[in-house]
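Heavy-atom basis, side chains included; hydrogens, waters and symmetry copies ignored. First listed ligand is number 1; within each ligand, the first listed atom is number 1.
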Amino acid sequence: MELNITNISKTYPNGVAALKHVSLRIPKGMYGLLGPNGAGKSTLMRILATLQDPSEGTIHLGETDVLNSKDEVRKTLGYLPQEFGLYPKATAENLLDYFAVLKGFSQKASRREVVESLLKKVNLWDARRLKLGGFSGGMRQRFGIAVALLGNPKLLIVDEPTAGLDPTERVRFLNLLSELGENSVVLLSTHIVEDVSELCTNMAIINKGEILLETQPLVAIRSLRGKIWRLMIDKSRLPEIETNYQVISTKLFSGKTVVHVYSNTNPGNGFDMVEPDLEDVYFSTMTGHMGSGRKKQEVAL
Ligand code: ADP
């Protein structure tokens with residue numbers, strides 16, 4: 001089972017071109033769609049979840065033409081939107097049971113089994129009788145995943161799921177997602193580089209509605225070896241450094257500014273070569289030093 005997105009564009013009625021000729025091949029496993037706010041991620045997620053139509057393009061899940069078989073696709077699709085409302089006074093068990101009815105589980109006994117196994121899977125069994133209004137952010141997201149998993153979807157779409165989670169909740173949530181990736185296509189949209197580096201075997205970087213890079217994290221990182229150089233400076237030197245070098249990122253560390261620059265050769269002047277990570281891939285791509293258009297990474301591991 002593979003998800004194939006071909007030449008998808010979306011222009012909203014107000015003229016905003018949120019997606020421009022997006023093509024992606026998304027195999028089984030965890031796939032990360034990484035990009036800043038406003039890049040077009042949610043728009044693409046909603047289109048894939050059959051909740052809105054693109055202006056052009058096609059989508060296939062396996063052999064199924066998604067845009068022309070929405071009802072069929074919805075049966076095998078799970079979607080965790082960026083924001084979702086819950087009924088604060090309902091208990092986790094009752095609300096999941098209710099959603100299971102909506103999903104077509106009409107037999108009470110089998111529904112109870114499904115609800116129980118899902119609550120256990122997302123580690124909310126002990127909290128099943130608690131009201132959702134008292135849930136933490138992480139518990140809410142895990143409940144959302146339980147809802148999205150009703151019907152055993154072949155395609156699971158999760159939109160910015162870790163925003164707002166504390167570190168422990170985030171790790172727990174990502175572990176849950178990675179288990180799910182073993183059997184289905186899990187598409188994760190995020191602006192957090194670590195979500196992708198920790199979890200995804202395949203990824204794309206999107207900005208301003210365009211795919212800038214489609215790659216595997218390890219391949220992309222390897223292709224940057226020997227090209228990322230670091231210098232610690234006082235902030236006042238930043239304009240000079242930016243004029244003379246291809247700065248891809250700046251970060252504060254212990255009151256100093258840590259600059260990463262892209263260079264095929266040793267820039268000298270106190271720069272140290274660093275082992276690149278996915279953040280360097282992301283910033284090199286966003287600053288135009290890596291990828292471009294829909295070009296694929298063709299660097300062997
Ligand atoms: P992301 O999820 O990456 O933050 P979005 O898909 O939400 O990006 O937004 C992409 C662009 O489309 C943004 O410029 C946003 O303002 C615009 N946009 C999103 N939804 C709508 C809408 N319903 N109507 C008009 N413009 C929209």
Within a radius of less than 6.0 Å around NZ of K10, do more than 12 heavy atoms belonging to other residues, nucleotides or ligands occur?
yes
Can a donor-acceptor pair be found, under 3.5 Å and without considering hydrogens, that links the side chain of T91 to the backbone of N94?
yes
Exactly which residues line ligand 1, taking a heavy atom under 4.0 Å from it as the test?
Y12, N14, V16, A18, P36, N37, G38, A39, G40, K41, S42, T43, R46
Quick one, E198 with R170, criterion salt bridge (charged side-chain N to carboxylate O under 4.0 Å, His left out). Give me CA distance, side-chain angles, the key distance, then yes/no.
CA-CA 11 Å; E198 287 166 19; R170 183 175 157 273; 3.4 Å; yes
Between H191 and E160, is any side-chain donor less than 3.5 angstrom from a side-chain acceptor?
yes
Does E2 form a salt bridge (charged side-chain N to carboxylate O under 4.0 Å, His left out) with K28? I'd like the steps, not just the answer.
CA-CA 6 Å; E2 194 174 276; K28 201 172 91 174; over 6 Å; no
Sorted by chain and residue number, the ring pair (Phe, Tyr, Trp, His ring centres under 6.0 Å) partners of H289 (sequence neighbours excluded) come out as Y262
